[in-house]
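Side chains are part of it too, since the values below use all heavy atoms of this structure and drop only hydrogens, waters and symmetry mates.
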Amino acid sequence: MSILVGKIEDLVLKMEFLLTYIAPWQIVWGSAVHAFAQPFSIPHSGFLFLQTILSSVVCAPLSPFQGSALFIMGYVRPLKFWERDYNTRRSDSSNVRLAATLEHTFDTDQNNFNSIFYEHLSRSLQNSLCGDLMMGRWGNVTSGDCFIMASDYLNALVHIVEFGNGLVTFQLRGLEFKGTFCQMREVEAITEDDGDDKSCLCCEPGHAPGMLSVNAAFNRRWLAWEVMNTKYVLEGYSITKNSASTMLAMHALRKTLIKYYVQSLIFFTIRHSKFLEWIAMFLQTPQGSALSSDSAIERESMSFSTNIDVDYDIAKAGISRKRFRDEYIKWIKCCLAKREEATPSKRPLSLHDTVTLCFGMSILGRRALASASPSKLPNTMGILCGIHALLKNDIRISNPKDEWVFQDMEILKEVVSPAIKMALKLFQDHFIDSDQFEDLNVLYDSSNQALADTVVAYEGDPLWRSSILNNASSLLTLRHVLDDTSDEYQVFTLNKRYLSFRVIKVNRECVRGLWAGQQQELIFLRNTNPERAVSSTPSRLSGI
C-alpha cells in the first residue's frame with residue numbers, strides 16, 4: 001500500500017508540474033520551436049497523460065524538450081538523481097602546477113573560488129538541519145523533497161535524500177551568485193509581493209482586507225514552489241565586494257596605498273625576531289653600504305613615481321634617503337619603541353642603521369610590486385596586478401641590487417608577503433575614517449589587531465579555504481575577474497555573521513524533469529551555454 005501511495009503522489013506532482021509548465025499564459029516564446037511545439041502538443045495530450053502514468057510507475061522524470069511543451073521520458077532514476085559526483089573538487093596552490101598559478105590559467109575560475117561558500121553552508125546545515133526539520137521550520141518534509149535556500153547574495157538547492165529516526169541525508173548544490181541572470185530571476189520571483197495587486201480579470205475592484213485579489217490568488221495557484229520560511233537564520237559569511245579599480249582611480253588613493261605598504265614593510269621588519277641579524281647582514285652588502293649614505297638615492301622610472309610615492313624627490317628624480325627619513329622617521333621610532341616595550345634590548349639600537357635597513361626594505365618591496373606588473377607602469381591596473389601577484393607569493397627579484405635578499409629568503413616570506421596583505425587591509429579600513437591612522441599608535445594597534453582578527457590571503461591559497469571552514473571572523477582578498485565581458489579586480493570582504501535565508505519548497509518532479517532536460521542538452525546536444533533552453537524557464541517554476 002505504501003508503494004501505491006508513493007506512486008500516486010509522484011503522479012500528482014508530475015501532473016502539477018506539467019500543467020504549470022504548459023499553461024498558455026506562462027509560455028516562454030523563446031524561439032520558433034516553442035511557437036511550433038505548443039499548439040501541436042495539444043492533440044497528443046492523451047499520450048502525454050499515459051506517458052506521465054508510466055513515468056510515475058518506473059520512477060523516471062519527464063523533461064521538456066529544448067524548453068518547449070513537448071515532453072520526453074528519461075531513464076529510470078533513483079531518489080538520488082544527480083548523475084555526476086558533485087563533491088567539491090577545489091583547485092588551489094596545493095594541487096595545481098606552479099606554472100598554472102603563475103600564468104593565471106586557473107585563478108580566474110570564479111566557480112572554483114565560490115564553491116568554498118557552499119561548502120561552508122553545507123557544514124552549517126550539518127549542524128542544524130536535522131533539528132530544524134524535526135521542529136517543522138521547513139514545513140512537512142519527506143524523503144526526496146527539494147528546497148531552495150535564497151539570500152541576497154547566493155542561492156542553493158537542498159535535496160533531502162533520506163529523513164527519519166533523528167537523521168537526515170541531504171545533498172546541496174550551489175546555484176548562482178549575485179549578478180547572474182538566473183539568480184536575479186529567482187530572487188525576483190520569490191520576493192514578488194502580490195498584496196498590492198487589486199485586479200480581477202480586466203478590472204481593479206480591489207480586495208478584502210487580509211486577502212489576495214482574484215488575479216493574485218489565481219496566479220499563486222499556478223506555482224511550482226511555495227515559500228516555507230522567510231527568515232531562516234544560519235551561520236555564514238556576509239560577502240561585500242568592491243571594484244578595486246574604482247578604489248584606486250585617483251592618484252591620491254594610489255599614493256595612500258603605497259604609503260601603507262611601506263609602513264607595513266617597516267612594521268614587519270622591526271618587529272621580527274631576526275631584526276638585529278638583518279641589520280648586520282644588510283650593512284655588509286653593496287646595496288646596504290650604498291644606502292647608508294645620507295645622500296643615497298634610487299632612480300628607476302618603472303618602480304618609483306611622484307604619482308604614487310610620498311618620498312619621491314622631484315629634484316633628484318628618485319627616492320632619496322633624506323625624503324624617506326623625513327616621511328617615515330616618526331613611524332620607525334614608534335615601531336622601535338613598541339619593540340623595546342615588548343623585548344627590551346641589552347644595548348641601544350642604532351637609529352641610523354635601522355633607517356638604512358628600512359630604506360632598503362622599502363626599495364625591495366616597491367621593486368617587487370613593480371616587477372610583478374606586466375605593464376611595468378605605476379597605473380591602476382599595474383598596481384592591482386602587482387598586488388594580486390604578491391598575494392600569490394609570486395615575488396620576483398629582477399634588479400641585481402636586490403639580490404642581497406637571497407642571503408635570507410625568510411625576508412620575502414615574513415616581511416614582503418605579509419606587508420602587501422596588511423597594506424590592503426589598512427587601505428580598506430581607511431575608507432571608514434580617513435584620519436584614524438594619522439595617530440601612529442592607533443596605526444600600530446590596528447596592524448596588530450588585523451594580524452589577530454583578519455585573514456588576508458589569495459583565494460587559491462589553502463589558508464583561505466581552511467580559514468573559512470574553521471569559521472575565521474573576518475577575511476579579505478583581491479580577486480581577478482576575467483570573462484568575456486570584463487577584466488577587472490575586485491576586493492572581497494567576508495565577515496562571519498548569522499545570515500537570513502528564505503526557504504522555498506519546490507515541486508520535486510519539476511526539479512527532476514528540468515534537471516533531466518539540462519542533462520540531455522549538455523550530453524546529447526553538446527549545449528554548454530549556462531543559459532540553456534531548459535534553464536530559461538518561467539519564474540513560476542523558479543528558474544531552476
Side-chain angles (χ1 to χ4, degrees), residues 102 258-305 308-313 316-329 331-332 335-336 339 345 347 349-373 376 378 386-387 389-423:
L102 301 181
I258 299 301
K259 181 179 179 180
Y260 287 142
Y261 179 39
V262 175
Q263 287 177 325
S264 299
L265 288 167
I266 297 172
F267 171 80
F268 284 103
T269 299
I270 295 179
R271 75 191 301 270
H272 200 276
S273 59
K274 290 187 175 182
F275 172 59
L276 298 178
E277 298 179 21
W278 288 344
I279 289 180
M281 177 195 72
F282 183 64
L283 293 177
Q284 295 176 4
T285 63
Q287 177 71 347
S289 300
L291 297 182
S292 62
S293 173
D294 291 336
S295 60
I297 186 169
E298 283 290 329
R299 297 184 179 91
E300 189 172 336
S301 59
M302 296 297 182
S303 303
F304 315 123
S305 170
I308 61 174
D309 296 303
V310 295
D311 53 348
Y312 189 88
D313 194 330
K316 298 181 179 180
I319 303 293
S320 66
R321 177 191 169 101
K322 182 178 181 303
R323 285 295 304 275
F324 174 82
R325 178 187 171 90
D326 293 342
E327 291 291 339
Y328 297 106
I329 188 62
W331 175 242
I332 293 174
C335 294
L336 284 174
R339 175 187 174 88
S345 57
R347 56 187 178 86
L349 297 175
S350 172
L351 183 59
H352 182 274
D353 294 344
T354 301
V355 172
T356 301
L357 176 62
C358 293
F359 186 37
M361 287 289 189
S362 72
I363 297 299
L364 168 68
R366 282 181 274 194
R367 280 206 185 108
L369 181 63
S371 299
S373 171
K376 305 296 182 184
I387 294 174
L390 295 187
L391 280 178
K392 297 188 296 184
N393 293 322
D394 180 13
I395 305 174
R396 306 186 185 189
I397 305 302
S398 58
N399 194 305
K401 294 181 180 180
D402 296 329
E403 292 181 357
W404 62 268
V405 76
F406 295 139
Q407 297 183 34
D408 191 347
M409 294 295 291
E410 193 171 345
I411 293 175
L412 299 179
K413 180 180 179 182
E414 301 292 339
V415 176
V416 178
S417 180
I420 195 65
K421 299 175 183 178
M422 181 64 69

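Shortest non-hydrogen contact noted between S320 and D313 is OG-OD2, 3.4 Å. When all heavy atoms of R396 and D394 are compared, the closest pair comes out as NE-OD1, 2.9 Å. Contact between F406 and I397 at its shortest, heavy atoms only, is CZ-CB, 3.8 Å.
Take W404 and apply the ring pair (Phe, Tyr, Trp, His ring centres under 6.0 Å) test, not counting sequence neighbours, and it matches F282. Under the salt bridge (charged side-chain N to carboxylate O under 4.0 Å, His left out) criterion, D311 pairs with R366, not counting sequence neighbours.
Under a 4.0 Å N-O distance rule, the pair D294/R321 qualifies as a salt bridge.
Distance check, rounded to the nearest 0.5 Å: CD1 of I279 to OG1 of T354 gives 4.0 Å. Residue Q284 holds its CD atom at 8.0 Å from CD of Q407, rounded to the nearest 0.5 Å. Interatomic distance, I329 CD1 to C358 SG, rounded to the nearest 0.5 Å: 8.5 Å. Distance CG/L369 to CD1/I395: 10.5 Å, rounded to 0.5 Å. The distance from atom CZ of R323 to atom CD1 of I297, rounded to the nearest 0.5 Å, is 10.5 Å. If you take OH on Y261 and CD1 on I387, they are separated by 9.0 Å, rounding to the nearest 0.5 Å.
Counting only distance, with no hydrogens or angles, the side chain of R299 and the backbone of K316 share a donor-acceptor pair below 3.5 Å. A donor-acceptor pair is defined here as one N or O able to donate and one able to accept, closer than 3.5 Å; no such pair exists between the side chain of S417 and the backbone of K413.
You'll find the side chain of I332 stays beyond 4.5 Å of the side chain of F359, heavy atoms only. Looking at heavy atoms from C-beta onward, L364 lies out of side-chain contact with Q287 at the 4.5 angstrom threshold. Side-chain contact between F275 and L357 is present, with heavy atoms from C-beta onward closer than 4.5 Å. Side-chain atoms of I411 and M281, non-hydrogen and from C-beta on, do get closer than 4.5 Å to each other. At least one side-chain heavy atom of Y328 sits under 4.5 Å from a side-chain heavy atom of V310.
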Let me have the donor-acceptor pairs involving side chains of residues 262-273, under 3.5 Å, with sequence neighbours excluded, atom names and distances please.
residue : atom : partner : partner atom : Å
S264    : OG   : Y260    : O            : 2.7
T269    : OG1  : L265    : O            : 2.6
H272    : ND1  : K274    : N            : 3.0

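When the shell of 6.0 Å around CZ of R339 is examined, it contains more than 12 heavy atoms from other residues, nucleotides or ligands.
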